[in-house]
Amino acid sequence: MTSPRPAPHHDDGASPILGRRSRAPRALIAAALAILLPGCVSASPNAAPPTAPSPPVSSPTIVLPPVGAIPDYQLGGAYEPADEVGAVGRDRLAAPVEGAYSICYVNGFQTQPGELETWPDELLLHDEGVPVMDPDWPDEALLDTSTAAKRARILDTVGPWISGCAADGFDAVEFDNLDSYTRSDGRLDLADNLALAASFAETAHAAGLAAGQKNAAEDAAQLRTSAGFDFALVEECAAWEECAAYADVYGDRVIDIEYTDRLPRSFAAMCRDPGSPRSMVLRDRALSAPDDPDHVFESCDAVG
C-alpha cells in the first residue's frame, strides 16, 4: 500500500494560490554579507557578480467540481447540455464543454470495449492463459496491476491519456474500475490497485487536473488518503444506499448518477432525501443523446 501523498493546491474559490519558495543562491548570500559586514568579508576583485535568485516554483492550480452543480453524464454520446448543467462527464475522446466543469472519463484498470488488441498481452490478467474478463462487461479485460513493473507500463499508456485530457481543456479526470481486484478471483488485491491509482492521481495533479474516484464505495477512505483523490463521481449511490460512504470522505464533492431501470423509489423522493448528494441526476442506462427515444435526463431542480 502506498503512503499518503502531499495534497496539491486546490482552487475552490476560497484559498489563495501558494507556490513553493526557492532558496537563495549562495553567491547572493555572500554578496549580502559583504555589504552588511564590510570589516569581516572582503570581495575579491575577480569574483563573479551575484546571480539572481531562481523564480519560485508554482504548483498547478487544481480546480474542484462546483458544489451542488447539476451534472450530466454523456458517455453514450456528447451533446449540448441543458443551460442549467454545471458539470459534465465525457469520454476522453470527446471534447470538453465550454462554460461547464468538464470531467474526462478514463478506464484505467480494464480495457475499453474494442481496444483489447491495443494492449500488450502481458499487461492483461490471465487465468490459465486466457484473459480475465469483467463478468458484467464481457468485452473488457482486467489489466494486471500485480507488480510495480506492470503498473509502470500501464501508466506509460494511461499517462498520455490523462495529459491529453488536460491539453484538451478538461478540468478533472475520473478513473473507472478501481475495484477490478474484486473481480480477479484473488489474483489482484486492493494494494495493487491503490498503488496504480496513486500514480494516476499524481499524474493528473501534475497536469493541473482534479482526480475523481469512480464508484468503489467500500474503498473510498483509502482511495482518498492513500491515492490522493479529490472528489467522487459515482453511480447509483442513492439506489444502493451507500452515498454516506462517499460523503464521509469527500463531503459535498460527490456527483451521483442514478439510472431509470433501477429506482427503488421515485427520483423525487431520492432528491428530497437529505442523505443524497447535492449534485445528482437521473439518466437512462445507455446514457443516450437527446435524439434517442430512450434518452432521459432529470435533475433534482426539475422534480422539485
Side-chain angles (χ1 to χ4, degrees), residues 1-2 73-77 89-94 104-165 173-204 211-220 222-223 226-227 229 232-237 239-240 242 257 259 261-262 284-288:
M1 186 177 299
T2 58
Y73 207 38
Q74 300 185 358
L75 299 190
R90 286 182 172 177
D91 186 78
R92 64 179 176 85
L93 298 179
C104 187
Y105 171 90
V106 168
N107 193 349
F109 293 81
Q110 297 182 180
T111 65
Q112 275 289 83
E115 296 183 2
L116 179 63
E117 300 303 322
T118 67
W119 282 92
D121 187 65
E122 61 270 21
L123 294 185
L124 306 178
L125 188 66
H126 287 83
D127 177 17
E128 297 183 353
V130 179
V132 177
M133 311 302 288
D134 185 324
D136 294 323
W137 297 90
D139 51 358
E140 294 189 17
L142 275 63
L143 299 179
D144 190 348
T145 64
S146 62
T147 70
K150 289 183 178 181
R151 292 192 293 269
R153 291 188 61 192
I154 293 170
L155 182 62
D156 286 343
T157 293
V158 177
W161 298 350
I162 299 170
S163 301
C165 292
V173 57
E174 56 149 325
F175 298 100
D176 201 4
N177 292 306
L178 293 159
D179 60 351
S180 65
Y181 73 94
T182 65
R183 299 181 285 280
S184 71
D185 291 328
R187 297 177 182 87
L188 306 174
D189 59 30
L190 174 59
D192 298 328
N193 282 19
L194 276 176
L196 182 57
S199 297
F200 288 164
E202 184 177 31
T203 302
Q213 172 185 337
K214 175 70 171 289
N215 297 330
E218 64 278 8
D219 300 326
Q222 288 173 285
L223 286 165
S226 296
F229 284 104
L233 194 159
V234 306
E235 294 170 300
E236 302 182 290
C237 77
W240 292 106
E242 57 186 15
I257 316 300
Y259 293 111
D261 61 348
R262 189 178 289 160
D284 58 285
R285 178 68 64 177
L287 298 170
S288 59

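Computation of the quantities below employed the complete heavy-atom set of this structure, encompassing side-chain atoms and omitting hydrogens, waters and symmetry-equivalent molecules.
Remark: Thr147 OG1 to Leu188 CG distance equals 10.5 Å, nearest 0.5 Å. Here Leu287 contributes atom CG and Arg90 contributes atom CZ; the two are 13.0 Å apart, rounded to the nearest 0.5 Å. Taken to the nearest 0.5 Å, the OG1 atom of Thr145 stands 6.5 Å off from the CG atom of Leu196. A distance of 6.5 Å separates CG in Leu75 from OH in Tyr105, rounded to the nearest 0.5 Å. The distance from the CD atom of Gln112 to the CH2 atom of Trp119 is 10.5 Å, given to the nearest 0.5 Å. Distance check, rounded to the nearest 0.5 Å: CD of Gln222 to CG of Leu178 gives 12.0 Å.
Remark: Asp136 does not engage Arg183 in a salt bridge, criterion side-chain N to carboxylate O under 4.0 Å.
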Decide yes or no on side-chain contact (heavy atoms from CB on, under 4.5 Å) for Leu194 and Asp219, but give the supporting numbers first. CA-CA 9 Å; Leu194 276 176; Asp219 300 326; over 6 Å; no
Using the side-chain contact (heavy atoms from CB on, under 4.5 Å) rule, take Val173 and Arg92 through it: C-alpha gap first, then chi angles, then the decisive distance, then the call. CA-CA 9 Å; Val173 57; Arg92 64 179 176 85; over 6 Å; no
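Under the rule for a side-chain contact (heavy atoms from CB on, under 4.5 Å), the partners of Arg262 that lie at least two apart in sequence or sit in another chain are Glu236, Trp240, Arg285. Contacts of Phe109 classified as ring pair (Phe, Tyr, Trp, His ring centres under 6.0 Å), with partners at least two apart in sequence or in another chain: Phe200.
Between the side chains of Asn107 and Asn177, a donor-acceptor pair is found at a separation under 3.5 Å.
For the pair Val106 and Asp176, the minimum side-chain heavy-atom distance is 4.5 Å or more. Counting heavy atoms from C-beta on, the side chains of Leu142 and Arg187 never come closer than 4.5 Å. Under the 4.5 Å side-chain criterion, counting only non-hydrogen atoms from C-beta, Met133 is not in contact with Glu140. Residues Glu242 and Glu218 form no side-chain contact, since every pair of their non-hydrogen atoms from C-beta on lies 4.5 Å or further apart.
For Trp161, the CH2 atom counts as densely surrounded, since its 6.0 Å shell holds more than 12 non-hydrogen atoms of other residues, nucleotides or ligands. The 12-atom threshold is exceeded at CD of Glu122, counting heavy atoms of other residues, nucleotides or ligands nearer than 6.0 Å.
Minimum heavy-atom separation, Ala197 to Leu223: CB-CD2, 4.2 Å. Across all non-hydrogen atoms, the minimal contact from Ile162 to Ala204 is CG2-CA, 3.7 Å. Closest non-hydrogen pair, Pro135 versus Pro138, comes out as O-CD, 4.3 Å. When all heavy atoms of Ala216 and Asp179 are compared, the pair lying nearest together is CB-CB, 4.2 Å. Looking at every heavy atom in both residues, Ala198 comes nearest to Ser226 through CB-O, 4.0 Å.
Within the 3.5 Å criterion, the main-chain N or O of Tyr181 finds a donor-acceptor partner in the side chain of Ser184. With Asn193 contributing its side chain and Leu190 its backbone, the two residues share no donor-acceptor pair below 3.5 Å. Judged by distance alone, the side chain of Gln213 and the main-chain N or O of Asn215 form a donor-acceptor pair under 3.5 Å.
Partner of Arg151 under the salt bridge (charged side-chain N to carboxylate O under 4.0 Å, His left out) criterion, out of Asp156, Asp192, Asp144: Asp192 alone.
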